[in-house]
Peer 1: 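Following this message is one structure expressed as structure tokens.
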Amino acid sequence: MDAAAWYSSARIRRVSCVVALADLTGAPVECARLLHAVSVPPYEGDRACVSLDGSLALAATPLPRKAPGAATRLPGHDDAIHVIFDGRLDDRADLRRRLTPRLLVDPPDASDADLVRAAYQQWGLDAAAHLTGDFAWTLWDARERRLLCARDHFGVRPLYYALNARALVVSNAVSSLLRTGVASERLRDRPVGDLLLFGDPQEPGDTMLDDVHRVPPAHVLTWTPSWGLAVWAYWRLQAPPRDTARPL
């Protein structure tokens, strides 16, 4: 099932646990392993949706449903591109106007995940720079064998990753990373010292755990079997120009 199934209405804030897991040995990802990772409290593990593609898999599971039938499935335009999304997109009408019409099956009712997929089809790796809102999403392009993950401009939504010689896992929940076995609970000295001195890690990519890294705000994480992992900024806050004119 396409993970975009859970995100049908932009007017409803979707809070979900999202997980992307790549087995770097080339072995197929086991569905049971992914379900275990994504089924963390308080999310409803029995409502998880999973997309498997050999050594790469995506999964999402929602919070308990407050209103039955609030989420409905819309058909995806490109079955080779799978998106899992947590958060909310803003300025949807403007985004729809900027997108090529053929990229959306039903523009007025398109889910946030559908809009992310269409943005990727139109702008490729620069898709996140054309989106506004608070979000953490992951996208798998099966044709290009490319994983693309993005965090919103100001880091309202969390997004973490862990990497070892055997696997890469990306999620908005640290507990999901731990459940995959890719990350351990071993503490990292520097952010722990920062916590004691300043109340928070000072490096944007640090977490309290040695194996867990944070995707910084306004950054994208990409991974392909050929090129490996990269994390880079898609936007930077620009300081206003200094007024050099002297007062009269």
Side-chain angles (χ1 to χ4, degrees), residues 2-21 38 40 43 48-49 51 58-63 70-71 73-74 76-78 81-99 103-104 107 109-141 146-161 169-174 176-177 204-205 207 213-223 230-237:
D2 191 332
W6 298 113
Y7 315 104
S8 63
S9 173
R11 293 170 293 279
I12 300 175
R13 181 186 293 269
R14 294 296 175 195
V15 181
S16 301
C17 180
V18 298
V19 176
L21 178 62
V38 81
V40 295
Y43 303 100
C49 51
S51 295
L58 305 179
T61 187
L63 284 172
R73 186 175 188 277
L74 291 175
H77 185 78
D78 190 338
I81 299 174
H82 301 273
V83 179
I84 53 178
F85 184 96
D86 175 44
R88 183 198 71 245
L89 290 182
D90 295 330
D91 296 330
R92 287 168 47 90
D94 177 68
L95 177 59
R96 291 198 304 267
R97 283 193 294 269
R98 291 186 286 118
L99 288 168
L103 297 178
L104 290 173
D109 295 322
S111 69
D112 287 341
D114 288 327
L115 291 173
V116 169
R117 175 165 38 200
Y120 173 75
Q121 290 175 279
Q122 182 152 326
W123 295 300
L125 294 177
D126 293 327
H130 295 268
L131 306 175
T132 59
D134 55 88
F135 53 76
W137 51 263
T138 70
L139 178 151
W140 172 243
D141 185 338
R146 174 190 294 143
L147 178 67
L148 178 66
C149 310
R151 191 176 177 202
D152 63 76
H153 292 68
F154 295 103
V156 177
R157 298 283 168 159
L159 192 60
Y160 309 96
Y161 67 97
V169 60
V170 184
S171 179
N172 60 347
V174 172
S176 291
L177 301 185
T207 71
H213 307 276
R214 194 192 316 266
V215 177
H219 276 63
V220 162
L221 178 152
T222 59
W223 175 85
V231 179
W232 46 274
Y234 65 81
W235 176 82
R236 295 186 188 279
L237 182 63

Peer 1: For the CZ atom of Phe85 and the CG atom of Asp114, what is their distance to the nearest 0.5 Å?
Peer 2: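 It comes to 11.0 Å.
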Peer 1: Specify the closest pair of heavy atoms between Pro62 and Ser16, including all atoms of both residues, with the distance to one decimal.
Peer 2: CA-OG, 3.8 Å
Peer 1: Check side chain to side chain contact (heavy atoms under 4.5 Å, CB included) between Ala129 and all other residues, then give those that pass, not counting sequence neighbours.
Peer 2: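 Side chain to side chain contact (heavy atoms under 4.5 Å, CB included) check on Ala129 returns Tyr234.
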Peer 1: Any donor-acceptor pair under 3.5 Å linking the side chain of Arg151 with the backbone of Arg214?
Peer 2: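 Flag not set: sc Arg151 to bb Arg214 has no pair under 3.5 Å.
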Peer 1: Below 4.5 Å, heavy atoms only, C-beta onward: do Leu159 and Asp86 meet side chain to side chain?
Peer 2: no
Peer 1: Are the side chains of Val231 and His213 in touch, meaning some heavy atoms are under 4.5 Å apart?
Peer 2: no
Peer 1: Tell me, do Leu131 and Leu115 make a side-chain contact under 4.5 Å, heavy atoms counted?
Peer 2: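 No; the side chains remain at least 4.5 Å from each other.
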Peer 1: Assert yes or no for the condition that the ring centre distance of Trp140 to Tyr120 is strictly below 6.0 Å.
Peer 2: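 No.
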Peer 1: Please report the interatomic distance CD1(Ile84) to OG(Ser51), rounded to the nearest 0.5 Å.
Peer 2: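 Going from the CD1 atom of Ile84 to the OG atom of Ser51 covers 8.0 Å.
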Peer 1: Under the 3.5 angstrom rule, does the side chain of Asp152 hit a backbone N or O of Arg157 as a donor-acceptor pair?
Peer 2: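 Yes, because the side chain of Asp152 sits within donor-acceptor range (under 3.5 Å) of the backbone of Arg157.
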Peer 1: Roughly how far apart are Gln121 CD and Ile81 CD1, rounded to 0.5 Å?
Peer 2: 4.0 Å
Peer 1: If every non-hydrogen atom of Ser171 is compared with every non-hydrogen atom of Val19, which pair is closest and at what distance?
Peer 2: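 Heavy-atom minimum between the residues: OG-CG2, 3.6 Å.
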Peer 1: Between Cys149 and Val215, is any pair of side-chain heavy atoms under 4.5 Å apart?
Peer 2: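 The answer is no; the side chains never approach within 4.5 Å.
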Peer 1: Between His82 and Leu58, which heavy-atom pair has the shortest distance, and what is it?
Peer 2: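 Closest pair (atom of His82, atom of Leu58, distance): O-CD1, 3.5 Å.
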Peer 1: Is there side-chain contact between Thr207 and Val174, with at least one heavy-atom pair below 4.5 Å?
Peer 2: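 The answer is no, as the side chains (C-beta and beyond) never meet within the 4.5 Å cut-off.
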Peer 1: Find out whether Asp141 and Leu148 are in side-chain contact, i.e. whether some heavy atom of one side chain is under 4.5 Å from a heavy atom of the other.
Peer 2: no
Peer 1: To the nearest 0.5 Å, how far apart are OG1 in Thr222 and CG in Leu147?
Peer 2: 8.5 Å
Peer 1: Identify the two heavy atoms, one from Asp112 and one from Gly87, that lie closest to each other, and give their separation to 0.1 Å.
Peer 2: OD2-O, 4.1 Å
Peer 1: Minimum heavy-atom separation for Cys17 to Val38, with atom names?
Peer 2: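 Closest heavy-atom pair between Cys17 and Val38: O-CG2, 3.6 Å.
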Peer 1: Search all heavy atoms of Pro158 against all heavy atoms of Asn172 and return the closest pair with its distance.
Peer 2: O-CB, 3.3 Å
Peer 1: Which one of Arg92, Arg96, Arg97 satisfies the salt bridge (Lys or Arg N to Asp or Glu O under 4.0 Å) criterion with Asp94?
Peer 2: Arg97
Peer 1: For Asp90, which residues count as a side chain to side chain donor-acceptor pair (under 3.5 Å) partner, sequence neighbours excluded?
Peer 2: Arg88
Peer 1: Between Arg117 (side chain only) and Val83 (backbone N and O only), is there a donor and an acceptor less than 3.5 Å apart?
Peer 2: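 Judged by distance alone, no pair lies under 3.5 Å.
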Peer 1: Is there side-chain contact between Val18 and Trp137, with heavy atoms separated by less than 4.5 Å?
Peer 2: no
Peer 1: How long is the span from the CZ atom in Phe154 to the OG1 atom in Thr132, to the nearest 0.5 Å?
Peer 2: 11.0 Å
Peer 1: Do the ring planes of His130 and Trp123 sit parallel (below 30°), tilted (30 to 60°) or perpendicular (above 60°)?
Peer 2: parallel
